[in-house]
Amino acid sequence: MSDVVVRVDLESAAEESVLAQAIDAFTRWRSETCPADDTCRDAPEIMVKTSWRHDSLEKTLIFQDRRWAAAFLKFWRVERRRAN
């Protein structure tokens, strides 16, 4: 299976902090909501890369599983709106 790459453009340092908190909260949520006999109990495999793109900060999140990448994007949209 190939990695799933998600790019997130950040508008400020405060938004970078919100993203870090969202990643932490997502991993906790995932481990707490998965059934005990499910393989999703392990922490999600997420790699984070930081880069500058033009005049903004970009985070690249790399997931090993498409369904967890999609779940994180939904989670991130809610957290991002909540922070603004």
Side-chain angles (χ1 to χ4, degrees):
M1 179 181 278
S2 60
D3 292 338
V4 179
V5 177
V6 174
R7 289 187 175 83
V8 178
D9 289 321
L10 302 172
E11 297 176 5
S12 66
E15 197 170 59
E16 181 180 15
S17 177
V18 172
L19 178 63
Q21 291 170 5
I23 291 169
D24 290 344
F26 177 74
T27 56
R28 274 193 310 277
W29 166 81
R30 181 179 177 219
S31 67
E32 292 169 359
T33 59
C34 289
D37 62 341
D38 195 344
T39 58
C40 73
R41 294 285 296 166
D42 295 332
E45 299 290 334
I46 304 172
M47 291 184 285
V48 180
K49 176 183 166 188
T50 304
S51 59
W52 284 99
R53 187 171 164 204
H54 305 290
D55 287 335
S56 65
L57 187 63
E58 178 184 82
K59 293 284 187 174
T60 302
L61 284 67
I62 304 163
F63 295 84
Q64 292 184 330
D65 187 304
R66 183 171 300 280
R67 67 184 170 143
W68 294 117
F72 177 78
L73 282 175
K74 287 181 184 179
F75 191 85
W76 169 237
R77 285 183 198 114
V78 170
E79 294 302 308
R80 190 178 212 177
R81 269 183 264 159
R82 187 178 308 182
N84 290 329

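By convention here, the first residue in the shown sequence is residue 1. Here the structure is a predicted model, which is why all the values come from computation and not from measurement.
Listed by chain and residue number, Lys59 satisfy the side chain to side chain donor-acceptor pair (under 3.5 Å) test with Thr50 (two or more places apart in sequence, or in another chain). Among residues two or more places apart in sequence or in another chain, the side chain to side chain donor-acceptor pair (under 3.5 Å) test is passed with Arg80 by Glu15. Partners of Ala25 according to the side-chain contact (heavy atoms from CB on, under 4.5 Å) rule, which considers only residues two or more places apart in sequence or in another chain, are Arg28, Phe75.
Trp76 has its side chain within reach of Val8: a pair of non-hydrogen atoms, C-beta onward, lies under 4.5 Å apart. Side-chain contact between Val48 and Leu19: absent, with no pair of heavy atoms (C-beta onward) separated by less than 4.5 Å. When side chains are defined from C-beta on, Trp52 counts as touching Leu57, because their heavy atoms get closer than 4.5 Å.
For the atom pair CZ (Arg7) and CD1 (Ile62), the distance works out to 8.5 Å, reported to the nearest 0.5 Å. Note that CG of Leu10 and CD of Glu58 are 8.5 Å apart. Values are rounded to the nearest 0.5 Å.
Between Trp68 and Phe26, the angle of the ring planes goes over 60°, which puts this pair in the perpendicular group of the 30/60° scheme.
Clustering ILVMFWY residues whenever any of their side-chain heavy atoms sit less than 4.5 angstrom apart, transitively, puts Val5 in the very cluster that holds Met47. Under the 4.5 Å side-chain heavy-atom criterion for Ile, Leu, Val, Met, Phe, Trp and Tyr, Leu73 and Leu61 are members of the same hydrophobic cluster. One hydrophobic cluster holds both Phe63 and Trp29 under the rule that ILVMFWY side chains link at heavy-atom gaps under 4.5 Å.
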